[in-house]
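One structure is given here, and the rest of the page talks about it.
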Amino acid sequence: MSLYLCLWGLINYLKWVVVMPLGEMAVMGKTMMVLTLTGRVLHDAVSFIVFSFLDILDLVLCFAFKAADFIIEAEWKPCYCASAKEAITSSGKILVSEQGESKIVCLTSTKLRLEEISDTLYTRTSLVSEISKSTVNELKRIKVEGKSSTVTVQTSEKIKKGTMRSTLTVSSTIVEMLQGKIGGQHLHPISRWSDCDCKFCTSWTSSSKETLFVRAEGPKDKGKGDVLFIHGFISSSAFWTETLFPNFSHATKSTYRLFAIDLLGFGRSPKPADSLYTLREHLDMIEQSVLEPYEVKSFHIVAHSLGCILALALAVKHPGSVKSLTLLAPPYYKVPKGVRATQHVMRQVAPRRVWPLITFGASIACWYEHISRAICLVICKNHRLWEFLTKLVTRNRIKTFLIEGFCCHTHNAAWHTLHNIICGTGSKLEGYLDSVRDHLKCDVNIFHGKKDEVIPVECSYNVQHKVPRARVKVIDDEDHITIVVNRQKAFARELEEIWKRSSG
């Protein structure tokens, strides 16, 4: 629709320029407007063509990966292309949809719990996906009508405002069947054939206790305070340990315990193939890996990008323990009334545009399950090669650790974390910020790079609007990464001042 509107506007502008004789300055002004509008039309047209092609390519790769999985592993894991029910229940979970909010029932041998997932995992509207889903669903309907069954699974799909909802009616019989299935099946915690199986990526499998990788520095006993560092999407603890940790003063290192973690699915932390990487799973792993074993009772939090969401959720869960919140480029997008939050955030993060390139990359990662898996197959499975080439070409340790953090994850971890944390918490962040404003007394500081193309500066001001006491500092000439990497010494001093002020 936007493409047609732009074309209509372009035609009107051309008529205006031709029919109305104006002065030289006015003509130049109209010319610039026409060029701008022309560029916008061309960009929309190119984006439409490119992403239509990618829609088809993703569908082709869907069948290619199913064939490869079957040949190599003798089975394939259903994807989100045709049915969310198939993709989730195949791992021993039940999908439930309530008033537009998707949840899953996780069954184990010892407990049953309800997890929340993002509907963007299986609702990403495009021309090709809608046609393929409609075809598959129609074939299934015909097949089901031709058979009689003692167990009825009612599936209804309603199209509303360009999105689709799945509703399942699950009986206790199905729960018992799945529970029995889980008790007898063997879950594979290690990586799949398309994931890296090197010692760096699978070191967690040799440990009897699955906890996050934690880099801890500071006094062995409890010091003046504890600090938890949470990295962003497709990154690792090295984002902090290679930049800030060497630049903290001796006094800070001797009085504060510093904890930098690799989030679940990233770096050296566990990458279970059966995990859906929900908010609960990420928070539970942080608590089990840092707060409980190190007996952390009160702490400061420093978080970047996606890590800011986890930081807010953790602060709300432990309101009396957090001394200060330092958020770098928090992804908080205001959701208009009447719009589904998950879909709105997804289109803000990944608007299906070819320019700028960072937006194009985000759109591929968020919209295309199989294309992103193919990219992970090339990048993540061969991360040692890319690290070697980076060292060879750049001779720069800073860039090397960034490449290491970018490459060491699995597609399953990245795909589910992106949707369940960034998109899936779109409706929760407002409540988290309300709790920080009303129930937490901790100091809140926000930093944002003025040239950040990943998350706009407006997101930080949105946080300040919800939490008026929050301090926002916009750093000129810095972007999403260089807000720390290019100014690690200055930022280390700023953090020390924040902790000193908050502890006093």
Would D226 and K323 pass as an ion pair if we require N to O under 4.0 Å?
no

Less than 6.0 angstrom separating the ring centers of F248 and Y256, yes or no?
no

Taken to the nearest 0.5 Å, the spacing of I371 CD1 from I364 CD1 works out to 6.5 Å

Looking at side-chain heavy atoms only, is the closest gap between L312 and L327 below 4.5 Å?
yes

Any donor-acceptor pair under 3.5 Å from S324 side chain to H300 backbone
no

Whether the side chain of N420 engages the backbone of L276 through a donor-acceptor N/O pair (distance < 3.5 Å, no angle test) should be reported.
yes

Can you check whether W499 reaches D443 side chain to side chain, under 4.5 Å on heavy atoms?
no

Tell me if the aromatic rings of F51 and F360 count as close, with their centers under 6.0 Å from one another.
yes

Honestly, is R373 close enough over F65, meaning NZ or CZ under 6.0 Å from the six-membered ring centre and within 45° of the axis?
yes

Kindly determine whether K489 and E494 satisfy salt bridge (Lys or Arg N to Asp or Glu O under 4.0 Å), including the steps that lead there.
CA-CA 9 Å; K489 292 183 179 179; E494 290 170 332; over 6 Å; no

Output yes when a side-chain donor or acceptor of S236 lies under 3.5 Å from a complementary backbone atom of A238, and no otherwise.
yes

pair D262-L212: side-chain heavy atoms closer than 4.5 Å
no

Within this structure, what is the CG-CZ distance for the pair L495 and F447, rounded to the nearest 0.5 Å?
6.5 Å

N247 CG to E242 CD distance, which is reported to the nearest 0.5 Å:
11.0 Å

When you measure from the side chain of D452 to the backbone N and O of H448, does any donor-acceptor pair fall under 3.5 Å?
no

So, does R192 use its side chain to make a donor-acceptor pair with the main chain of N412 at under 3.5 Å?
no

What's the spacing between F491 CZ and L328 CG if we round to 0.5 Å?
4.0 Å

Are the side chains of P293 and Q288 in contact, using a 4.5 Å heavy-atom criterion?
no

Compute whether any side-chain donor of one residue and acceptor of the other, for W193 and D69, lie under 3.5 angstrom apart.
yes

Is the terminal nitrogen or CZ of R268 (NZ for Lys, CZ for Arg) located under 6.0 angstrom from the six-membered ring centre of W204 and within 45° of that ring's axis?
no

F229 ring center near F259 ring center (under 6.0 Å)
no

Geometric class of the F200/H383 ring pair [parallel <30°, tilted 30-60°, perpendicular >60°]:
tilted

Let me see the working for F233 and I421 under side-chain contact (heavy atoms from CB on, under 4.5 Å), right down to the final yes or no.
CA-CA 10 Å; F233 186 57; I421 305 302; over 6 Å; no

Using the rule ring pair (Phe, Tyr, Trp, His ring centres under 6.0 Å), only one of H370, H419, H416 pairs with Y80; which is it?
H416

Do C62 and C81 have side chains that get closer than 4.5 Å, going by heavy atoms?
yes

Do H43 side-chain atoms and W355 backbone N/O form a donor-acceptor pair below 3.5 Å?
yes

Using a strict 4.0 Å threshold on nitrogen-to-oxygen distance, state whether D55 and R124 make a salt bridge.
no

Exceeds 12 heavy-atom contacts within 6.0 angstrom, atom CZ of F388:
no

Check whether the side chains of H231 and S237 place a donor and an acceptor atom closer than 3.5 Å, and report yes or no.
no

For residues E281 and S275, is any side-chain donor paired with an opposing acceptor at under 3.5 Å?
yes

Donor-acceptor pair between S372 and H411 side chains, under 3.5 angstrom:
yes

Residue among E496, K500, R493 satisfying side-chain hydrogen bond (donor to acceptor under 3.5 Å, both in side chains) with T252:
E496

State, yes or no, whether a side-chain contact exists between W367 and L54 at a heavy-atom distance under 4.5 Å.
no

Inspect the contact between R215 and E217 and indicate whether a charged nitrogen and a carboxylate oxygen are less than 4.0 angstrom apart.
yes

State whether a side-chain donor-acceptor pair under 3.5 Å links T326 with N445.
no

Return the CG to CG distance between D195 and L377, rounded to the nearest 0.5 Å.
8.5 Å

Does the salt bridge (Lys or Arg N to Asp or Glu O under 4.0 Å) test come out yes or no for D477 and K451, once each step is laid out?
CA-CA 6 Å; D477 301 323; K451 293 185 177 181; 3.6 Å; yes

Salt bridge or not for K428 and E116, using N-O below 4.0 Å?
yes

Closer than 4.0 angstrom, basic N to acidic O: yes or no for E387 and R384?
no

Are the side chains of C376 and K381 in touch, meaning some heavy atoms are under 4.5 Å apart?
no

Looking just at side-chain N and O atoms, do R353 and S363 make a donor-acceptor pair shorter than 3.5 Å?
no

Test item: E75 side-chain N/O and F70 main-chain N/O as donor-acceptor pair under 3.5 Å:
no

From CA spacing to verdict: side-chain hydrogen bond (donor to acceptor under 3.5 Å, both in side chains), T417, H282
CA-CA 9 Å; T417 297; H282 279 289; 3.3 Å; yes

Compare all side-chain heavy atoms of D119 with those of R340 and state whether any distance is below 4.5 angstrom.
yes

Has the side chain of S52 got a donor or acceptor atom that lies under 3.5 Å from a matching backbone atom of F48?
yes

Looking only at side chains, do D44 and S47 share a donor and an acceptor under 3.5 Å apart?
no

Between H304 and F239, does the ring centre distance come in under 6.0 Å?
yes

Is a side-chain N or O of S502 found less than 3.5 angstrom from the main chain of I498, in a donor-acceptor match?
yes

Quick one: CG on L310 to CG on L263, what's the gap to the nearest 0.5 Å?
6.0 Å

Can you tell me if S269 uses its side chain to pair, donor with acceptor, with the backbone of F213 under 3.5 Å?
yes

Could E287 and K317 be called an ion pair, given the rule that one side-chain N must be under 4.0 Å from one carboxylate O?
yes

